[in-house]
Amino acid sequence: MIELLQNLGRWLTSGAQWSGPDGIATRLLEHLQYSALATLVAALLALPVGLLIGHTGRGAFLAINLSGFGRALPTVGLVTLVFLASGLSMWPVYVSLVALAVPVIVTNTYAGMAAVDPEVRDAARGQGMRWHQVLFQVELPLALPLIMTGLRLACTQVVATATIAAYVSFGGLGRYVFDGLAQRDLVQVLGGAVLVAILAIALDLALAAVQRLLFRNRPAPSQAH
């Protein structure tokens, strides 16, 4: 075990390992590109749905149960299915990552909207505000902390799962995991896994710090008046 850890340390710190088209720096940028695009598309799809459900109160059952669907989603199976339908491309990867992120964002967006005090909504309507004004000027600002939590969780999950790009012969940090398995190179497999874990943790901590900075003087939605 000690020898394995020593080899892993040398693998991670080797200058040669960080350079070139197959180097860690290149694979890291690829991984971030896949993750950022998938999270952005998921947010564009999920945020309007979550806001609509939270504002109208209709479809709450769907929003609540989407979380369980996201956890039960067989990501590799979905990649394989889309791969068989579309052929060799990045589509299977993006479809799977977006499908993974959407339930988290919808659920947290709905939760943030549902946590807004009904009296605040009633007061806004009593002042003559129209539905879109209530949504964007009252409900959305109060729900934003929980919405950002959903985006943060989705981003972390996508980063951790984007290794599947290598499953269909593309890049990212998962390349080390799949190539290492094919070559029976345990050090490379562990190196890839460690890099993915470090990236996911680093992004989560960074997003959490940004969230705390933005809302450090804000009460939770259920406490806002």
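Along the sequence shown, residues are numbered consecutively beginning with 1.
- Each salt bridge (Lys or Arg N to Asp or Glu O under 4.0 Å) pair with one or both residues in residues 13-25, not counting sequence neighbours, appears once here: D22-R27.
- Screening residues 190-208 for salt bridge (Lys or Arg N to Asp or Glu O under 4.0 Å) gives R152-D204 as the qualifying pairs, with residues at least two apart or on separate chains.
- Listed by chain and residue number, W11 satisfy the ring pair (Phe, Tyr, Trp, His ring centres under 6.0 Å) test with Y176 (two or more places apart in sequence, or in another chain).
- Scanning both residues, F178 and A166, for their nearest heavy atoms gives CD1-CB, 3.4 Å.
- Between atom CE of residue M148 and atom CG of residue N108 there is a gap of 12.0 Å, rounded to the nearest 0.5 Å.
- Minimum heavy-atom separation, V106 to A46: CG2-CB, 3.4 Å.
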Requested in this report: Run the numbers on T109 and V49 for side chain to side chain contact (heavy atoms under 4.5 Å, CB included), then give the verdict.
Outcome: CA-CA 9 Å; T109 302; V49 175; over 6 Å; no
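- For residues 47-60, every residue pair satisfying the side chain to side chain donor-acceptor pair (under 3.5 Å) rule, not counting sequence neighbours, is listed here: H55-E139.
- Atom CD of Q183 has more than 12 heavy atoms from other residues, nucleotides or ligands within 6.0 Å.
- Listed by first and then second residue, the salt bridge (Lys or Arg N to Asp or Glu O under 4.0 Å) pairs involving residues 185-198 amount to none (not counting sequence neighbours).
- At distances below 3.5 Å, not a single donor-acceptor pair connects side-chain atoms of T156 with backbone N or O atoms of L203.
- Linking Ile, Leu, Val, Met, Phe, Trp and Tyr residues whenever their side-chain heavy atoms come within less than 4.5 Å leaves V196 and L29 in two separate clusters.
- Closest approach of L146 to G112, counting heavy atoms only: CD1-CA, 3.5 Å.
- Sorted by first then second residue, the side chain to side chain donor-acceptor pair (under 3.5 Å) pairs that include residues 32-43, not counting sequence neighbours, number zero.
- Between L199 and L195, every side-chain heavy-atom pair lies at or beyond the 4.5 Å cut-off.
- If you run side chain to side chain contact (heavy atoms under 4.5 Å, CB included) between L47 and each of L52, I105, L140, only I105 comes through.
- Here A160 pairs with nothing under the side-chain contact (heavy atoms from CB on, under 4.5 Å) rule; sequence neighbours left out.
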Requested in this report: Could you walk me through whether L51 and I147 pass the side chain to side chain contact (heavy atoms under 4.5 Å, CB included) test, one step at a time?
Outcome: CA-CA 10 Å; L51 291 173; I147 293 174; 4.2 Å; yes
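- Listed by first and then second residue, the salt bridge (Lys or Arg N to Asp or Glu O under 4.0 Å) pairs that reach into residues 165-175 are R175-D179, sequence neighbours excluded.
- Hydrophobic clustering, defined by side-chain heavy atoms of Ile, Leu, Val, Met, Phe, Trp and Tyr closer than 4.5 Å, groups L205 together with I201.
- For R10, the side-chain contact (heavy atoms from CB on, under 4.5 Å) partners are Q6, N7, not counting sequence neighbours.
- Looking at V177 and L173, their side chains never come closer than 4.5 Å, going by heavy atoms from C-beta outward.
- For the residue pair L100 and P103, the shortest heavy atom distance occurs at O-CD, 3.5 Å.
- Here the straight-line distance linking atom CG of L151 with atom CG of L207 works out to 9.0 Å at 0.5 Å rounding.
- In this view, A124 and M129, V134, V138 satisfy the side-chain contact (heavy atoms from CB on, under 4.5 Å) rule, not counting sequence neighbours.
- Remark: Q133 CD to L135 CG distance equals 11.0 Å, nearest 0.5 Å.
- Think of L40 as one node in a network of Ile, Leu, Val, Met, Phe, Trp and Tyr side chains linked at under 4.5 Å; its network also takes in L44.
- Of the possible donor and acceptor atoms, one in the side chain of Q211 sits under 3.5 Å from a partner among the backbone N and O of P145.
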